[in-house]
Novice: 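Dropping a structure here in structure tokens format, bear with me for questions.
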Amino acid sequence: VAALAVLFISAFWGVDPFAGTLIRHFSFDNFRTLWDQGVYHTIALRTIGIAAAVTITDAIVAFPIAYFMARIARPRSRSILFVLVLLPLWSSYLVRVYAWRLILNKEGVLNWTLHGLGLPSANIAYSNAAVWIVFSYVWLPFMIVPIYAALERIPHSFLEASRDLGARGSRTFRSIVLPLTLPGVVAGSIFTFSLTLGDYITPKLVGGSSSDFIGNVVFDSVGVSNNVPFAAAYATVPLLVMGLYLVLAKRSGAFEAL
């Protein structure tokens, strides 16, 4: 809390354009710059949009995997699946990102496979699509584990009662499984959404200059232009977005069963 307070306070400071020193004078100039210049709007919308796309993708992919692990797989198979899900987390984050960079490159594994099948190149390297794919892979375990925990807590008697009352599988899923699993989905989405919002390494490595995130602007403002107040002002954007998301999740009642 103290660090966030200092971050917010420094966002109202400025930098002397000649000496490069901090000017501890209260001003809205940094926020006015963010509001007036459209390039920062574009970067913010790109960051939020890809973060939302990654969250939705991971939820769709993670749900059947978690359901199979929690309700269908035998204990031995469940243990093996757990290891497979968590195994990527044992390697370095950079190793995983660079592995995907090699896969998606022009001469990478993806295009090599497509050419072997007589298909044209995918041409998704250094694009927003590449950023979306890599983020979806990197954060997928953070979505699978909370959904698995929520599914495992559903009493089997609930599903039996639904079948006894004549409900089909789709009705049981809509009325019982999905509502009771929603807290796990929300918990996983908090991880995937917030981690994507704050990342700047993956967009730099697999997205290129046309896929800058808020984190890239913050990094450049601190390390290149030495404009810490502006970086602090822009860093408040993902904090506000995440705060709004948590408020909406709480109002929906998703936290009550966590």
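Residue numbers start at 1 and run along the sequence shown.
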Novice: Let me confirm one number: the CD1-CE distance from Ile48 to Met242, rounded to the nearest 0.5 Å.
Specialist: 11.5 Å
Novice: Please check if the number of heavy atoms outside Trp132 that lie under 6.0 Å from its CH2 is greater than 12.
Specialist: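 Atom CH2 in Trp132 is not crowded, with 12 or fewer foreign heavy atoms closer than 6.0 Å.
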Novice: Are Val218 and Leu240 connected, step by step, through hydrophobic side chains (Ile, Leu, Val, Met, Phe, Trp, Tyr) whose heavy atoms are closer than 4.5 Å?
Specialist: no
Novice: Using only atom types and a distance under 3.5 Å, with no angle test, would you say the side chain of Ser91 pairs donor to acceptor with the backbone of Leu87?
Specialist: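 Judged by distance alone, no pair lies under 3.5 Å.
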Novice: Are Asp199 and Tyr93 packed together at the side-chain level, in the sense that at least one heavy-atom pair is separated by less than 4.5 angstrom?
Specialist: yes
Novice: Does the ring center of Phe230 lie less than 6.0 Å from the ring center of Tyr40?
Specialist: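 Yes, the ring centres sit under 6.0 Å apart.
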Novice: Please determine, by modelled atom types, if Asn227 and Tyr234 share a side-chain donor-acceptor pair under 3.5 angstrom.
Specialist: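 Note: Asn227 and Tyr234 side chains miss the donor-acceptor criterion.
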Novice: Rounded to the nearest 0.5 Å, what separation is found between the CZ atom of Arg46 and the CG atom of Asp212?
Specialist: 6.5 Å
Novice: Just how far is it from atom CD of Gln37 to atom CD1 of Ile43, taken to the nearest 0.5 Å?
Specialist: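 Gln37 atom CD to Ile43 atom CD1 measures 10.0 Å (nearest 0.5 Å).
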Novice: State plainly whether one hydrophobic cluster holds both Ile65 and Ile56, where clusters connect Ile, Leu, Val, Met, Phe, Trp and Tyr through side-chain heavy atoms under 4.5 angstrom apart.
Specialist: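 Cluster IDs for Ile65 and Ile56 differ.
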Novice: For the residue pair Trp139 / Thr196, report whether a side-chain donor-acceptor contact shorter than 3.5 Å exists.
Specialist: yes
Novice: Step by step, would you call Val134 with Arg101 a side-chain contact (heavy atoms from CB on, under 4.5 Å)?
Specialist: CA-CA 9 Å; Val134 175; Arg101 184 174 177 176; over 6 Å; no
Novice: Are there more than 12 heavy atoms of other residues, nucleotides or ligands under 6.0 Å from atom OH of Tyr98?
Specialist: no
Novice: In terms of hydrophobic clustering (I, L, V, M, F, W, Y; side-chain heavy atoms under 4.5 Å; direct or indirect links), are Phe68 and Leu86 co-clustered?
Specialist: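 Yes, Phe68 and Leu86 fall within the same hydrophobic cluster.
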Novice: What distance do Ile80 atom CD1 and Arg74 atom CZ have between them, rounded to the nearest 0.5 Å?
Specialist: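 Those atoms lie 12.0 Å apart.
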Novice: List the steps and the verdict of side-chain contact (heavy atoms from CB on, under 4.5 Å) for Leu104 and Asn111.
Specialist: CA-CA 7 Å; Leu104 300 177; Asn111 286 337; over 6 Å; no
Novice: Using every non-hydrogen atom in the two residues, find where Pro146 and Pro141 come nearest and quote the distance to one decimal.
Specialist: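 Heavy atoms of Pro146 and Pro141 come nearest at CD-O, 4.4 Å.
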Novice: Could you report the tightest heavy-atom contact between Ile190 and Ser194, atom names first, then the distance?
Specialist: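 The pair with the smallest heavy-atom distance is O-OG, 2.5 Å.
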Novice: Hydrogens and angles aside, do Thr55 and Thr192 bring a side-chain donor and acceptor to less than 3.5 Å of each other?
Specialist: yes
Novice: Verify the cluster assignment for Leu182 and Leu246: are they in a single hydrophobic cluster under the rule of side-chain heavy atoms below 4.5 Å apart?
Specialist: yes
Novice: For Phe135, which of Phe213, Trp100, Phe191, Tyr200 qualifies under ring pair (Phe, Tyr, Trp, His ring centres under 6.0 Å)?
Specialist: Phe213
Novice: Donor-acceptor pair, distance only, cut-off 3.5 Å: does the side chain of Ser162 make one with the backbone of Phe158?
Specialist: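 Not a single qualifying donor-acceptor pair exists.
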Novice: When you measure from the side chain of Ser127 to the backbone of Ile124, do you find a donor-acceptor pair of N or O atoms at a distance under 3.5 Å?
Specialist: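 Flag set: sc Ser127 to bb Ile124 pair under 3.5 Å.
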Novice: Under 3.5 Å, is there a donor-acceptor pair linking the side chains of Ser121 and Asn123?
Specialist: no
Novice: With side-chain contact (heavy atoms from CB on, under 4.5 Å) as the test, would you mind laying out the steps for Arg96 and Leu89 before giving the verdict?
Specialist: CA-CA 9 Å; Arg96 286 176 282 159; Leu89 300 180; 3.9 Å; yes
Novice: Taking the side chain from Asn105 and the backbone from Glu107, do they hold a donor-acceptor pair closer than 3.5 Å?
Specialist: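 Judged by distance alone, no pair lies under 3.5 Å.
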Novice: To the nearest 0.5 Å, what is the distance between NZ (Lys204) and CG (Asn216)?
Specialist: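 Answer rounded to 0.5 Å: 6.0 Å.
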Novice: Given side-chain contact (heavy atoms from CB on, under 4.5 Å), test His41 with Leu34 step by step and report yes or no.
Specialist: CA-CA 7 Å; His41 300 174; Leu34 293 176; over 6 Å; no
Novice: Please examine the side chains of Leu94 and Leu205, heavy atoms only from C-beta on, and report whether any two atoms are closer than 4.5 Å.
Specialist: yes
Novice: side-chain contact (heavy atoms from CB on, under 4.5 Å) with Leu140: which of Asp58, Val145, Val85?
Specialist: Asp58
Novice: For Asn30 and Ala11, which heavy atoms make the closest approach, and how far apart are they?
Specialist: ND2-O, 2.8 Å
Novice: Do Ile176 and Arg171 make a side-chain contact, defined as non-hydrogen atoms from C-beta onward lying under 4.5 Å apart?
Specialist: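 No, too far: nothing below the 4.5 Å cut-off.
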Novice: Answer yes or no: is there a donor N or O on one side and an acceptor on the other, between the side chain of Ser77 and the main chain of Ala73, under 3.5 Å?
Specialist: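 Absent.
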Novice: Looking only at non-hydrogen atoms, find the nearest pair between Leu110 and Ala122 and report the distance.
Specialist: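 The pair with the smallest heavy-atom distance is CD2-CB, 3.8 Å.
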Novice: The test is side chain to side chain donor-acceptor pair (under 3.5 Å); show your working for Ser211 and Asn128 and say whether it passes.
Specialist: CA-CA 6 Å; Ser211 300; Asn128 291 332; 2.8 Å; yes
Novice: When hydrophobic residues are tied together by side-chain contacts of less than 4.5 Å, even through go-betweens, does Ile60 share a cluster with Leu151?
Specialist: no
Novice: Quick one: does any side-chain atom of Ser189 pair with a main-chain N or O of Val186 as donor and acceptor, under 3.5 Å?
Specialist: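 Yes, Ser189 side chain to Val186 backbone: donor-acceptor pair under 3.5 Å.
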Novice: Between Tyr67 and Thr181, is any side-chain donor less than 3.5 angstrom from a side-chain acceptor?
Specialist: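 No.
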Novice: Which atoms form the tightest heavy-atom contact between Pro229 and Val15, and what is the distance?
Specialist: CD-CG2, 3.6 Å
Novice: Please name all residues satisfying ring pair (Phe, Tyr, Trp, His ring centres under 6.0 Å) with Phe8, sequence neighbours left out, ordered by chain then number.
Specialist: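 Per chain and number, Phe8 pairs via ring pair (Phe, Tyr, Trp, His ring centres under 6.0 Å) with Phe12.
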Novice: Donor-acceptor pair, distance only, cut-off 3.5 Å: does the side chain of His25 make one with the backbone of Gly14?
Specialist: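 No; judged by distance alone, with no hydrogens or angles, the pair does not exist.
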Novice: For residues Leu239 and Leu4, report the shortest heavy-atom separation together with the two atoms involved.
Specialist: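 Of all heavy-atom pairs spanning Leu239 and Leu4, the closest is CD1-CD2, 3.8 Å.
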Novice: Measuring from Arg71:CZ to Arg78:CZ, what's the distance to the nearest 0.5 Å?
Specialist: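 Output value for this atom pair is 9.5 Å.
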